[in-house]
Amino acid sequence: MARVFISPELRELTGGLSLVEATGSTVRQVIDSLETDFPGIAAHLVLDDRIRPGLSVVIDSTVASRGLRAEVRPNSEVQFLPSISGG
């Protein structure tokens, strides 16, 4: 199972857990797995069948460019982080 790091803002949905495990071979499947275990979390991660604006998905220290279709391996580490922009 993939290890998913939970941001402080979402920990109330996971009972305070900062690290959880989820199944799935894509980001979409991982979010569906999280939603099964922690109802309501998907609404904070997905909007209109896309990763929410302002969020980036990081898989194994690499920002995923394929959004919900990005591949997740069984031993991957996944994070949902605020997007960084600048000038």
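Note that the structure is a prediction, hence the values are computed from the model and not measured. Each residue takes its place number in the sequence, starting with 1.
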Requested in this report: Go through Ile41 and Thr14 one step at a time and tell me if the side-chain contact (heavy atoms from CB on, under 4.5 Å) criterion holds.
Outcome: CA-CA 8 Å; Ile41 200 166; Thr14 62; 4.2 Å; yes
Requested in this report: Check step by step if side-chain contact (heavy atoms from CB on, under 4.5 Å) holds for Leu10 and Phe80.
Outcome: CA-CA 10 Å; Leu10 297 179; Phe80 297 92; 5.8 Å; no
Query raised in the report: About how many Å separate CG of Leu81 and CG of Leu55, when rounded to the nearest 0.5 Å?
Result: 8.0 Å
Report summary line: In this structure, CZ of Arg69 is separated from OG of Ser25 (nearest 0.5 Å) by 13.5 Å
Query raised in the report: How many angstroms lie between atom CZ of Arg66 and atom CD1 of Ile51, to the nearest 0.5 angstrom?
Result: 13.0 Å
**Report entry** Glu21/Arg3 salt bridge by N-O under 4.0 Å criterion
**Finding:** no
Requested in this report: Starting at CD1 of Ile6, measure out to CZ of Arg11 and round the result to the nearest 0.5 Å.
Outcome: 8.5 Å
Query raised in the report: Should Leu34 and Val58 be counted in the same cluster of Ile, Leu, Val, Met, Phe, Trp and Tyr side chains packed under 4.5 Å apart?
Result: no
Query - Distance, nearest 0.5 Å, that separates CD of Gln79 from OG of Ser56 - result: 11.0 Å
Report task. For the pair Ser76 and Ile59, evaluate side-chain contact (heavy atoms from CB on, under 4.5 Å) and give the outcome as yes or no after the intermediate values. Result -> CA-CA 7 Å; Ser76 287; Ile59 303 169; 3.9 Å; yes
**Report entry** Any donor-acceptor N/O pair, Ser33 side chain to Thr23 backbone, under 3.5 Å
**Finding:** yes
Report summary line: Residue set satisfying side-chain hydrogen bond (donor to acceptor under 3.5 Å, both in side chains) with Asp49, at least two apart, ordered chain then number -> Arg28
Query - Pro39 to Leu13 - nearest heavy-atom pair and separation - result: O-CD2, 4.1 Å
Query raised in the report: Out of curiosity, Asp32 CG to Asp37 CG, how far, rounded to the nearest 0.5 Å?
Result: 11.5 Å
Requested in this report: For Glu12, look at atom CD and say whether over 12 heavy atoms of other residues, nucleotides or ligands are found less than 6.0 Å away.
Outcome: no
Query raised in the report: In terms of hydrophobic clusters joined by side-chain contacts under 4.5 Å, are Leu17 and Val78 together?
Result: yes
Report task. Would you mind telling me which of Val30, Ile31, Thr26 makes a side-chain contact (heavy atoms from CB on, under 4.5 Å) with Leu68? Result -> Ile31
Query raised in the report: What closest approach, in Å, do Ala64 and Ala70 show between heavy atoms, and which atom pair accounts for it?
Result: CB-CB, 3.7 Å
